[in-house]
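Structure record follows, encoded as structure tokens.
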Amino acid sequence: MPELPEIETIRRGLTPHLVGHTIKRAAVYQHALRWPIPATLAKTLAGQTIRSLRRRAKYLLIDLDQGTLIIHLGMSGRLYLLKHASKHGTHDHCEFFLEDDHVLRFTDPRRFGAILWTTAAANEHPLLASLGPEPLEKNFSADYLWRITRKRTVAIKLFIMTNQHVVGIGNIYAAESLFAAGISPLKPAGELTHSQCTHLVAAIRNVLRAAIRAGGTTLKDFVNGDGKPGYFSQQLHVYGRAAQPCIRCHTLLTSIAMGQRSTVYCAHCQK
DNA sequence: AGAGGTACCTGGCAGC
DNA sequence: TGCTGCCAGGTACCTC
């Protein structure tokens, strides 16, 4: 499932193929995503040139002449380039045909994704306006995490997965970061020491950066026939390893549900 | 304001 | 083999 590193990988992979190119026409085959694709989108985009690709949280922002496409891949979304137009399938919901014959295709079997259009500054869009800091930027610091967690009783895993606090940390990277920092996912956020905040911020950064680096190695496969951008399989230490031995202490990993999400951790290494 | 729960959707898999 | 039923997950939004 696309998390922040995947979106960043997609942004970097698509940028050289899209920037400066013009959308000849667009086609929407399925409007019913998380929110409806605007009915007039295809008409709006025709003839506009792509200026830049940005990322905010897990949103990909494609700047055009007259506004910005806001794209979210949800759970199962994929965005990839085809060298030539080809017949679209059941889960291909939207296509952007470029003047150089490439086709940017949005595919999303579970339809948790979104394609929206705004003519205002994208960061002012309601979906983006109240997002917290980017985990890889300076304003996501130990001091910041320490300050906003004070007196908060919610479990730290749920806390860091909340977008107003810090963006882009989904279930997988939350579990991995907490393991790397040696902090129990169940620990009330307000009980983290300043030192633990330091470790957690560093762990989140390291895990995300490693995943982005791993994604970079698959970029050469980004434009291909089968439409698989080649999501990297990161080395996961706890996620998906319930009841398997901890890589550090060999204690069997514990699996619990938190906020209706599976959570795997080492009860020995994570306090 | 904080905490907790719900909905959306469908492929894949376990169980019968 | 074929059916049913559950699970996975991101995140806006609802309720208490």
Side-chain angles (χ1 to χ4, degrees), chain A residues 1-10 29-37 55-61 70-79 88-94 106-116 118 122-135 145 147-178 185-192 204 207-208 211 226-228 231-234 236 238-243 253 255-265:
Chain A
M1 58 299 309
E3 298 227 22
L4 185 147
E6 285 86 343
I7 308 301
E8 183 60 22
T9 298
I10 289 167
Y29 310 112
Q30 167 65 273
H31 282 85
L33 301 184
R34 169 144 203 179
W35 296 283
I37 295 179
R55 180 189 59 74
R56 176 72 172 109
K58 294 178 187 171
Y59 294 94
L60 183 70
L61 308 176
I70 301 175
I71 298 180
H72 198 290
L73 298 183
M75 282 289 309
S76 57
R78 295 210 317 259
L79 195 61
H88 65 271
T90 320
H91 303 304
D92 302 330
H93 306 315
C94 189
F106 176 88
T107 302
D108 186 6
R110 295 186 198 177
R111 306 201 337 246
F112 275 25
I115 299 180
L116 299 170
T118 180
N123 285 337
E124 291 167 18
H125 190 277
L127 286 174
L128 307 188
S130 57
L131 294 176
E134 289 286 329
L145 184 62
R147 183 163 45 79
I148 63 169
T149 49
R150 292 311 88 192
K151 299 189 177 166
R152 298 298 298 270
T153 58
V154 69
I156 186 61
K157 175 167 181 259
L158 299 178
F159 191 90
I160 59 172
M161 288 177 69
T162 298
N163 274 338
Q164 291 104 293
H165 304 146
V166 56
V167 300
I169 302 174
N171 202 35
I172 296 174
Y173 293 117
E176 293 298 317
S177 300
L178 286 163
L186 294 163
K187 192 176 185 71
E191 290 180 16
L192 264 72
I204 287 169
V207 167
L208 292 177
D226 65 7
K228 296 221 171 78
Y231 291 137
F232 42 87
S233 52
Q234 219 208 336
L236 299 174
V238 287
Y239 180 82
R241 295 193 64 243
L253 297 178
S255 177
I256 56 168
M258 292 181 70
Q260 292 86 254
R261 286 290 109 90
S262 74
T263 300
V264 184
Y265 69 105

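Lettering of chains follows the sequences in order, A, B, ..., and the numbering in each one begins at 1. Bear in mind that the values here come from a model prediction, so they are computed numbers and not experimental data.
Checking side-chain atoms of A/Thr162 against main-chain N and O of A/Leu158 turns up a donor-acceptor pair under 3.5 Å. A/Glu134 contributes a side-chain N or O that, together with a main-chain N or O of A/Ala57, makes up a donor-acceptor pair within less than 3.5 Å. Using a distance-only test at 3.5 Å, with no hydrogens or angles considered, no donor-acceptor pair links the side chain of A/Ser255 to the main chain of A/Val264. Between the side chain of A/His165 and the main chain of A/Phe159, a donor-acceptor pair closer than 3.5 Å is present.
A straight line from CG of A/Leu127 to P of C/dG10 spans 17 Å, rounded to a whole angstrom. When the P atom of C/dC7 is taken as reference, atom CZ of A/Phe112 falls 15 Å away, rounded to whole Å. As rounded to whole Å, 17 Å separates atom C1' of C/dG10 from atom CD1 of A/Ile71. In this structure, the CZ atom of A/Arg261 is 7 Å from the C1' atom of C/dG10, given to the nearest Å. In this structure, A/Met258 places its CE atom 14 Å from P of C/dA8, rounding to the nearest Å.
Contact annotation for A/Tyr59: backbone-only contact, meaning every heavy-atom pair under 4.0 Å involves sugar-phosphate atoms and none involves a base. Residue contacts for A/Asn163: at a heavy-atom cut-off of 4.0 Å it reaches the sugar-phosphate backbone alone, with no base atom in range. Counting non-hydrogen atoms under 4.0 angstrom, A/Ser262 reaches the backbone sugars and phosphates but no base. Using a 4.0 Å heavy-atom criterion, one finds that A/Arg111 contacts the sugar-phosphate atoms exclusively.
Along DNA chain B, read 5' to 3', the first and last nucleotides having any atom under 4.0 Å from a heavy atom of chain A are B/dG2 to B/dG11.
Heavy-atom nearest nucleotides on DNA chain B were determined for A/Arg152 and for A/Asp108, and the one closer to the 5' end corresponds to A/Arg152.
Ring centroid separation for the pair A/Tyr29 and A/His93 does not come in under the 6.0 Å cut-off.
Residue-to-nucleotide contacts include a donor-acceptor pair under 3.5 Å from the side chain of A/Arg110 to the base of C/dA8.
With sequence neighbours excluded, the residues satisfying side chain to side chain contact (heavy atoms under 4.5 Å, CB included) with A/Pro135 are A/Leu4, A/Phe140, A/Val166, A/Val167, A/Ile204, A/Leu208. A search for ring-ring contact (aromatic ring centres under 6.0 Å, His included) contacts involving A/Tyr265 returns nothing, not counting sequence neighbours.
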